[in-house]
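Reviewing the structure listed below.
This is a predicted model, so every value here is computed, not measured.
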Number of protein chains: 2
Amino acid sequence: MGDEVQIFEDYLRKHSLHLTAPRETVLHAVFGTHEHFTADDLIAHLQRAGTPVSKATVYRTLSLLSECSLLIEHDFGQGKKYYEHASELQHHGHLYCSDCGRISEFYDPRLNALQDKIARQEGFEPVQFAVKIYGRCADCAAKRVRRDAGAIG
Amino acid sequence: MGDEVQIFEDYLRKHSLHLTAPRETVLHAVFGTHEHFTADDLIAHLQRAGTPVSKATVYRTLSLLSECSLLIEHDFGQGKKYYEHASELQHHGHLYCSDCGRISEFYDPRLNALQDKIARQEGFEPVQFAVKIYGRCADCAAKRVRRDAGAIG
DNA sequence: ACTGAGACTGAGACTGAGTCTCAGTCTGGC
DNA sequence: GCCAGACTGAGACTCAGTCTCAGTCTCAGT
Ligand SMILES: [Zn+2]
Ligand SMILES: [Zn+2]
Ligand SMILES: [Zn+2]
Ligand SMILES: [Zn+2]
């Protein structure tokens, strides 16, 4: 967590920006979790924690953190962005459960190697890979089996 | 194209719905292209073609077409959905150029096999794979090289 | 043909994520 | 202290997408 503060401060300084109190509040909240979260989650969390920061400032700070590569944005087709620490295992893939919305992760270096190779074959210069597998998590799959069995029996 | 009409009609009949004129207009426009398009693209296209269909009906019809698996939705983090024919090569991946927004495709069966294996290892029941590679297309990469060279020279 | 249930439509109100504006405040260098 | 310019929160705004509703159409049953 010290690292992130350092990197953020450096980035701000380089752009003649300041590490103000609201930005620090957001920074701590962001790096105090290891989940995938949305801007709204964060705003609500700060509200509950008694350290509210305005929507505009939260969005502005999230943008700054993405710009300096401390955060990565993800989109699961819900019309809102999810954020996660860029320092977590790089270029991992996501399993998104369409039934309950749970997000889990996996990492397989072969997948990344393959993507890199494919992109370059097409003359494409890859910056970020995003592998998302939509379907049903183990729990929800089990629930379905039970429900379907009940419907038949 | 006849196939799609047939499938759609079957789906509608099964749900006591009708293939009305507006739905047919949308159907023809959708299967008259092979691009990735947004709802707004489609609405504008129908407008220009002199066969306008209301926003609500376009969205409703796109939902129906997705439900009966004639269309697939994609999200590239632009806050809007892109659609494409499900009949195009299944489970292909996308290369999205962050500079110009161009979308191109690739297909590699190894990628799909790997994803399926990974998902099942996690007890996850995959329904759809979505591999997106963000970066710069060949043209934009070349443009950058030229521009950067100019800046230095 | 007539009728009623219920499907269909377009206009436009609404929602919700995210952006922008602006007036007032804070910061840091002089 | 003074000033340029960065920062903030409130709330207006945008834009994709959804919902509502009153009026229309369809079709099976008569
Ligand atoms: Zn689940
Ligand atoms: Zn993740
Ligand atoms: Zn490009
Ligand atoms: Zn495609």
Residue closer to the 5' end of DNA chain D, His15(A) versus Lys81(B) (nearest nucleotide): His15(A)
When you measure from the side chain of Tyr59(A), which nucleotide among dA17(C), dT8(D), dA7(C) comes out closest? dA17(C)
Under 4.0 Å between a side-chain N or O of Ser54(A) and OP1 or OP2 of dT8(D)? no
In the single-linkage hydrophobic clustering (I, L, V, M, F, W, Y; side-chain heavy atoms under 4.5 Å), do Tyr82(B) and Leu46(B) co-cluster? no
B/S/- contact track for nucleotides 21-30 of chain D, protein heavy atom under 4.0 Å: ------S---
Between atom CD in Glu24(A) and atom P in dC26(C), what is the gap in whole Å? 17 Å
Distance under 6.0 Å and angle within 45° of the ring axis: does Lys132(A) meet both against Phe129(B)? no
Minimum-distance nucleotide (side-chain atoms of Lys55(A) versus dG10(C), dA6(D), dG18(C)): dG18(C)
Nearest-angstrom distance from the residue atom CZ of Arg23(A) to P of dT25(C): 19 Å
Asp40(A) CG to dT15(C) P, straight-line distance once rounded to whole Å: 15 Å
Are Leu111(B) and Tyr96(A) connected, step by step, through hydrophobic side chains (Ile, Leu, Val, Met, Phe, Trp, Tyr) whose heavy atoms are closer than 4.5 Å? no
Atom CG of Leu64(B) and atom P of dA7(C): how far apart are they, to the nearest Å? 13 Å
According to the Watson-Crick and G-U wobble definitions, with both distances under 3.5 Å, which nucleotide is paired to dG11(D)? dC20(C)
Quick check for you: among dG10(C), dG18(C), dC8(C), whose closest atom lies nearest to any side-chain atom of Ala56(B)? dG10(C)
Just checking Ser16(B): base, sugar-phosphate only, or nothing, at a heavy-atom cut-off of under 4.0 Å? sugar-phosphate
Protein-nucleotide distance (Arg13(A), atom CZ; dG29(C), atom P), rounded to Å: 11 Å
dT30(D): pairing nucleotide in any strand, Watson-Crick or G-U under 3.5 angstrom: dA1(C)
Could Lys143(A) and Asp139(A) be called an ion pair, given the rule that one side-chain N must be under 4.0 Å from one carboxylate O? no
Calculate the interatomic distance between Lys14(B) atom NZ and dA7(C) atom C1'; express it in whole Å. 19 Å
Counting only Watson-Crick pairs (N1-N3 plus N6-O4 or O6-N4) and G-U wobbles (N1-O2, O6-N3), all under 3.5 Å, who is the partner of dT25(C)? dA6(D)
Separation of Leu19(A) atom CG from dA6(D) atom P, in whole Å? 16 Å
Below 30° counts as parallel, above 60° as perpendicular, anything between as tilted: where do the rings of Phe31(A) and His85(A) land? tilted
May I ask you to check whether Phe76(B) and His94(B) place their ring centers less than 6.0 Å from one another? yes
Please tell me whether His92(A) and Glu84(A) have a donor and an acceptor in their side chains that are separated by less than 3.5 angstrom. yes
Expressed as a whole number of angstroms, how long is the span from Gln47(A):CD to dG9(D):P? 11 Å
